[in-house]
Q: 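Questions regarding the structure given below will be posed in turn.
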Amino acid sequence: MKTVILGSGVIGVTSAYYLARAGHEVVVIDRQPKVALETSFANAGEVSPGYSSPWAGPGVPLKAIKWLTMKHGPLVVRPKLDPAMWIWMLRMLANCTAGRYRINKSRMVPLAEYSRDCLKALRGEIGIAYDERAQGTLQLFRFQKDLDGTGGDIAVLKEFGVDHELLDRAGCIAAEPALKLVEDKFVGGLRLPHDETGDCQMFTEALAAKAAALGVVFRQDVRIDRLTHDGHRITGVETSAGTMKGDNYVVALGSYSPLMLKPLGVSIPVYPVKGYSLTLDVTDPAAAPVSTVMDETYKVAITRLGDRIRVGGTAELGGYDLRLHDGRRATLEHSVGDLFPRGGRIEGAKFWTGLRPMTPDGTPLIGGTRLSNLFLNTGHGTLGWTMACGSGRLIADLLSGRPTDIDARPYRIDRGAA
């Protein structure tokens with residue numbers, strides 16, 4: 001069977017690798033000259049099953065109002081005359097209930113934990129390296145009221161069997177010694193010891209090389225114009241390099257997936273949520289983070305990647321605009337400069353932005369569509385890196401007609417309210 005994959009980010013490349021390993025002939029098409037040059041390029045670097053939670057939850061609408069008024073708030077809305085934007089926001093609000101949160105979380109955690117297991121297995125099998133660390137994530141609270149409000153989160157972690165540690169100031173410093181320099185800035189934290197970190201772009205490039213060795217053909221720098229169909233099946237992909245054909249087609253185009261699918265009459269609830277990052281060179285290893293520190297107040301992740309620090313955050317709703325806004329840079333600089341003032345060189349840091357493909361309920365779309373040979377692997381939001389290997393393995397098993405290791409039904413396009 002020949003499978004054509006649209007998109008060479010971490011989701012497309014993991015799909016290609018697992019499909020090739022299962023015996024498929026695979027072609028990957030992407031407009032970029034290399035793999036992982038869009039959303040996978042400079043994300044926050046977290047592989048965090050424990051933080052696999054939907055953004056939509058009880059209390060979020062009130063929090064959103066507060067975030068919008070903060071100087072360094074984590075949320076920005078740039079209103080547009082775009083019905084898709086407003087429909088997506090209304091659907092997200094509909095998911096801001098305790099019942100929906102519990103359902104959505106129960107869908108996300110199994111995939112994220114399965115994905116972490118697949119990633120570990122992959123490391124052992126093929127010796128892939130990507131500045132990886134397995135030293136946990138520390139959610140850091142600056143204010144006592146926020147630390148006191150962790151009861152609900154801890155209850156959810158217990159329900160899903162996620163190991164965690166509630167730490168006082170001394171416990172946070174034991175986990176992240178550099179915080180000793182700023183111990184007056186925070187009161188405590190919630191640590192997930194089994195979370196990992198790593199450079200998503202480095203991983204994707206290395207895995208693409210392994211996939212190519214298995215026979216995967218990467219057609220980079222090729223514009224995808226449209227998918228053709230006969231009403232029942234996809235018949236080909238029209239590109240700048242001509243029409244390409246296969247037996248099955250997988251759309252892994254992230255935020256651009258709904259634009260490719262709309263002419264086919266396939267509607268998916270995915271909308272771009274813009275994120276930003278800074279990448280700093282480490283200046284003093286002892287004053288830099290050991291793993292990932294989540295600055296809860298500003299919703300900023302500060303991650304150690306080898307001799308670099310990756311600072312990622314902000315949720316910006318504004319369509320497909322990829323302009324870099326200085327105000328968002330100021331927020332990232334403020335967070336890392338406040339918590340790790342001697343850890344990295346802010347001057348000259350690389351400022352980047354990417355579009356996260358978000359669903360209103362936080363759960364990705366993996367599986368078939370009404371067109372019999374068209375499949376989806378998209379909508380992972382902020383968790384594409386966390387869920388990549390599990391999603392790639394899942395779509396490969398589905399296309400191969402094999403039993404899946406986890407229940408695939410929660411990720412279907414017809415799973416219910418999104």
Q: Would you say the side-chain atoms of R415 pair up with the backbone N or O of T363, donor to acceptor, closer than 3.5 Å?
A: yes
Q: Check D338 with K185, please: is the shortest side-chain N to carboxylate O separation under 4.0 Å?
A: yes
Q: Look at E296 together with R142 and state whether they make a salt bridge at an N to O cut-off of under 4.0 Å.
A: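 Looking at E296 and R142, the cut-off is not met.
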Q: Is there a salt bridge (Lys or Arg N to Asp or Glu O under 4.0 Å) between E125 and R21 once you walk through the steps?
A: CA-CA 12 Å; E125 292 164 4; R21 204 171 73 172; 2.7 Å; yes
Q: Heavy atoms, side chains only, cut-off 4.5 Å: are M108 and S53 in contact?
A: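 Result no, sub-4.5 Å side-chain heavy-atom pair not found.
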Q: Return yes if some donor-acceptor pair links the side-chain N/O of T239 with the main-chain N/O of I224 below 3.5 Å, else return no.
A: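 Between the backbone of I224 and the side chain of T239 there is no qualifying donor-acceptor contact (under 3.5 Å).
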Q: Would a distance-only check, ignoring hydrogens and angles, find a side-chain to backbone donor-acceptor pair under 3.5 Å from T228 to G236?
A: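 Checked: pair present.
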Q: So that I can tick it off, tell me whether K80 and D321 are bridged by a salt bridge, with the cut-off set at under 4.0 angstrom between side-chain N and carboxylate O.
A: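 No, no charged N to carboxylate O under 4.0 Å.
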Q: For the residue pair V28 and V13, establish whether any side-chain heavy-atom pair is separated by less than 4.5 Å.
A: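 The answer is no, as the side chains (C-beta and beyond) never meet within the 4.5 Å cut-off.
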Q: So L374 and L261, do their side chains get closer than 4.5 Å, heavy atoms only?
A: yes
Q: Distance check, rounded to the nearest 0.5 Å: T235 atom OG1 versus H229 atom NE2?
A: 8.0 Å
Q: Looking at E316, is its backbone amide N or carbonyl O close enough to the side chain of T314 to form a donor-acceptor pair, meaning the two atoms are under 3.5 Å apart?
A: no
Q: Side chains of R102 and K105, heavy atoms from C-beta outward: is any pair under 4.5 Å?
A: no
Q: Looking only at side chains, do H24 and S400 share a donor and an acceptor under 3.5 Å apart?
A: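 Yes - a donor-acceptor pair under 3.5 Å links their side chains.
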Q: Taking the side chain as C-beta and beyond, is there a heavy-atom pair between I128 and L207 under 4.5 Å?
A: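 Of all side-chain heavy-atom pairs linking L207 with I128, at least one is under 4.5 Å.
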Q: Is any side-chain heavy atom of E113 less than 4.5 Å from a side-chain heavy atom of R116?
A: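 A side-chain contact exists here, since the closest heavy-atom pair is under 4.5 Å.
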Q: Counting only heavy atoms not in L324, do more than 12 fall under 6.0 Å of its CG?
A: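 Yes, because the 6.0 Å sphere around CG of L324 holds more than 12 heavy atoms from other groups.
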Q: Could you tell me whether the side chains of D195 and Y51 share a donor-acceptor contact shorter than 3.5 Å?
A: no
Q: Can you tell whether the side chains of E205 and K34 come within less than 4.0 Å, N to carboxylate O?
A: yes
Q: Do the side chains of L305 and T303 get nearer than 4.5 Å, heavy atoms only?
A: yes
Q: Taking atom CZ of R402 as the centre, does the number of heavy atoms from other residues, nucleotides or ligands within less than 6.0 Å exceed 12?
A: yes
Q: Would R91 and Y271 count as a cation-pi pair here, with the cationic atom under 6.0 angstrom from the ring centre and within 45° of the axis?
A: no
Q: Parallel, tilted or perpendicular, judged at 30° and 60°: which one describes the rings of H334 and H72?
A: parallel
Q: Would you say E38 and Y256 are linked by a side-chain donor-acceptor pair, where the criterion is simply a distance under 3.5 Å?
A: no
Q: Check whether any side-chain N or O of T353 sits under 3.5 Å from a backbone N or O of L322 as a donor-acceptor pair, and report yes or no.
A: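 No.
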Q: Report yes if some heavy atom in the side chain of L122 is under 4.5 Å from a heavy atom in the side chain of C389; otherwise report no.
A: yes
